[in-house]
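Input: a single structure, listed below in structure tokens.
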Amino acid sequence: MIGLIDCNNFYASCERVFNPKLEGKPIGILSNNDGCVIARSNELKPLVAMGMPAYQIPPHIQKKITLLSSNYELYGDMSQRVFDTVRHYTADIELYSIDEAFIHLNGFSHVLSHCQNLKAIVKRDTGIPVSIGIATTRTLAKLANHIAKKHPIHQGVYCFPTDQEEKITILKQFSVADIWGVGWRITQRLKELGIHTAWDLHQANLKQIRQSFSVVLERTILELRGMNCIELDDLHTAKKNIMTSRSFGHLTNDLFDIQEAIRVHASRGAEKLRKQKSVANAVLVFLKTNRFRPELVQYNPSIVVPLLSASDDSRLIIHAAQKGLRSIYKPGFLFMKSGVMLLDLKTKDNYCQSDLFTAETSATEKHKSEQLMKTMDDINQKMGKNTIHLGGIRQTAAWQIKRERLSQRYTTRWDELPFVK
DNA sequence: TGGGCACCT
DNA sequence: AGGTGCC
């Protein structure tokens, strides 16, 4: 059996752990740049649609709700606490996202009561409420989790029935849109084929689905039928691309500002690269103007800058990124967003494809580069992000993202610990 | 008016 | 390269 543990209204719940006054109140968490509502407490759900831009929320509603900037440092740390707790009781766990994990329950004799205990323990030890869905496949466990969340009678833990008649009854109650892997677009196309419910999809013709859609949707059907065929990539498998990008706090055409932002993105990308022990062969830089302002001239350039030889050295990656930026930047546009992608990644182990033109970088140079990068990473790990960085970064610069309603980083910063009277 | 991936065609 | 999915 497989269980899906999903934290309830995760970001809102994290905020409430440290600010209990928010309990029972309608609260929402905003995306980066305080843009859209990306998480809502149950009380907020009837008032504000998911993904709604904050500025579109009518003033009379704004008045009675609490909106907070997203505090990923807090949510990331709370996520670790939740899943460390889970792992202690259920060792075989696959982390899936910041607020979800699958657990393997084979070998447990009382699966339902084990999960009920687990839910209570997580709440007791971390303050975070979770729901658990149990079934034979990940796709069915996701559906079971919907039921656990929606119907209070199950008290947050629900096991998908094994009885065929009961299974049919339940699948008939779900729309295909509720199924993991079926989004808005595929829902529309299925509708045209007369496939509306999860049961309809369960009964659909495999060959036809594979032909008209994809092998992905075919696998979803098999999972509905009880055959396990969706594996998650291990969270430790190296990424094939690494992208770092952000919107600016304000539209800008200032090259100095944009250079600073690109430096931050390039260094952050290089850090991620080193963490997964890869090297990049090329760096892509892009700029975007604001597509929501059609009256402004649009310009969305990007350029790929090859590296002479594959590298994970922040200095080389920043240099390439700055070079790319200079070649695409034009002063006459108001830019909204910039970003850096690291491309053509290879594992670092034994990767020493040297180029023809620079006499192969000497072993001492390589060693020095590694020492320097390791020292920087260690310092930033120990003392906090950006303690040491290359080139100036003005923390209060206008290009920095807007986070006007940020709560404290209660669990990761000594100077932001919660205060107890 | 988010960011960061992956996979498929 | 573009579309779709996930959170």
Side-chain angles (χ1 to χ4, degrees), chain A residues 4-11 28-40 48-57 67-72 75-76 79 94-102 138-139 142 145 176-190 209-220 229-251 261 264-265 268-269 271-273 275-276 278 284 286 288-294 296 300 302 304 336-343 345 400-403:
Chain A
L4 172 65
I5 306 193
D6 191 319
C7 301
N8 302 345
N9 314 324
F10 181 54
Y11 298 170
I29 314 300
L30 300 170
S31 61
N32 270 335
N33 244 355
D34 291 347
C36 302
V37 177
I38 55 165
R40 302 165 299 163
V48 172
M50 185 62 171
M52 194 179 209
Y55 79 95
Q56 283 179 6
I57 302 174
L67 293 177
L68 297 169
S69 304
S70 39
N71 186 345
Y72 283 104
Y75 311 149
S79 171
E94 292 169 359
L95 301 183
Y96 174 60
S97 72
I98 194 163
D99 74 331
E100 281 177 63
F102 292 101
R138 293 175 183 80
T139 304
K142 277 259 185 187
N145 196 281
V176 288
D178 299 323
I179 300 169
W180 189 34
V182 180
W184 182 84
R185 210 57 179 254
I186 290 174
T187 300
Q188 301 306 308
R189 289 173 55 199
L190 286 170
I209 292 292
R210 180 168 189 156
Q211 208 167 29
S212 329
F213 295 85
S214 69
V215 65
V216 179
L217 192 61
E218 183 188 19
R219 288 196 193 118
T220 296
C229 50
I230 299 180
E231 297 289 327
L232 298 188
D233 347 319
D234 185 345
L235 246 59
H236 302 292
T237 52
K239 305 266 182 271
K240 295 171 183 172
N241 291 300
I242 288 174
M243 170 147 82
T244 314
S245 70
R246 283 289 179 283
S247 297
F248 302 122
H250 304 277
L251 299 185
V264 169
H265 298 326
R268 180 81 191 103
E271 268 175 30
K272 293 183 194 173
L273 193 61
K275 196 162 179 193
Q276 68 167 44
S278 300
L284 181 149
F286 71 85
K288 284 184 193 296
T289 48
N290 188 346
R291 68 183 199 280
F292 299 105
R293 298 274 300 273
L296 298 178
N300 300 299
S302 73
V304 175
M336 177 171 82
K337 181 172 177 174
S338 70
V340 169
M341 275 173 94
L342 303 180
L343 309 173
L345 308 189
Q400 295 275 13
I401 56 166
K402 226 187 295 175
R403 297 156 99 187

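Protein chains get the first letters and strands the later ones, always in sequence-line order, with residue 1 at the start of each. All values below were derived from every heavy atom in this structure, side-chain atoms included, with hydrogens, water molecules and symmetry-related copies excluded.
Straight-line distance between the P atoms of C:dC7 and B:dT1: roughly 24 Å, to the nearest whole Å.
The main-chain N or O of A:Thr220 is never found under 3.5 Å from a side-chain atom of A:Thr139 such that the two would form a donor-acceptor pair. Not a single donor-acceptor pair under 3.5 Å links the side chain of A:Ser245 to the backbone N or O of A:Ser338. In terms of modelled atom types and a separation under 3.5 Å, the side chain of A:Arg189 and the main chain of A:Ser212 share a donor-acceptor contact.
Contacts between residues 241-250 of chain A and DNA chain C, counted as heavy-atom distances below 4.0 Å, involve no residue at all.
Nearer to the 5' terminus of DNA chain B, by closest-nucleotide assignment, is the contact made by A:Asn33 (compared with the other of A:Asn33 and A:Ser214). Residue-to-nucleotide proximity on DNA chain B shows that, of A:Val215 and A:Lys272, the 5′-proximal contact is made by A:Lys272.
A:Val182 and A:Ile186 get closest at one heavy-atom pair: CG1-CG2, 3.9 Å. Shortest non-hydrogen contact noted between A:Lys402 and A:Asn33 is N-OD1, 2.7 Å.
A:Arg219 pairs by the side-chain contact (heavy atoms from CB on, under 4.5 Å) definition with A:Val215, A:Cys229, A:Ile230, not counting sequence neighbours. Remark: A:Tyr75 pairs with A:Tyr11, A:Tyr72 by the ring-ring contact (aromatic ring centres under 6.0 Å, His included) rule, at least two apart or across chains. A:Asn32 meets the side-chain hydrogen bond (donor to acceptor under 3.5 Å, both in side chains) test with no other residue; sequence neighbours excluded.
Atom CD of A:Gln211 is surrounded by 12 or fewer heavy atoms from other residues, nucleotides or ligands within 6.0 Å.
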Scan nucleotides 1-7 of chain C nucleotide by nucleotide, 5' to 3', and note B when protein non-hydrogen atoms come under 4.0 Å of the base, S if they reach only the sugar-phosphate, - if neither.
-> ---SSSS
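Exactly one of A:Asp6, A:Ile5, A:Asn8 qualifies for a side-chain contact (heavy atoms from CB on, under 4.5 Å) with A:Asp99. That residue is A:Asp6.
Read 5' to 3', the first and last nucleotides of DNA chain B with an atom closer than 4.0 Å to a heavy atom of chain A are B:dT1 to B:dT9.
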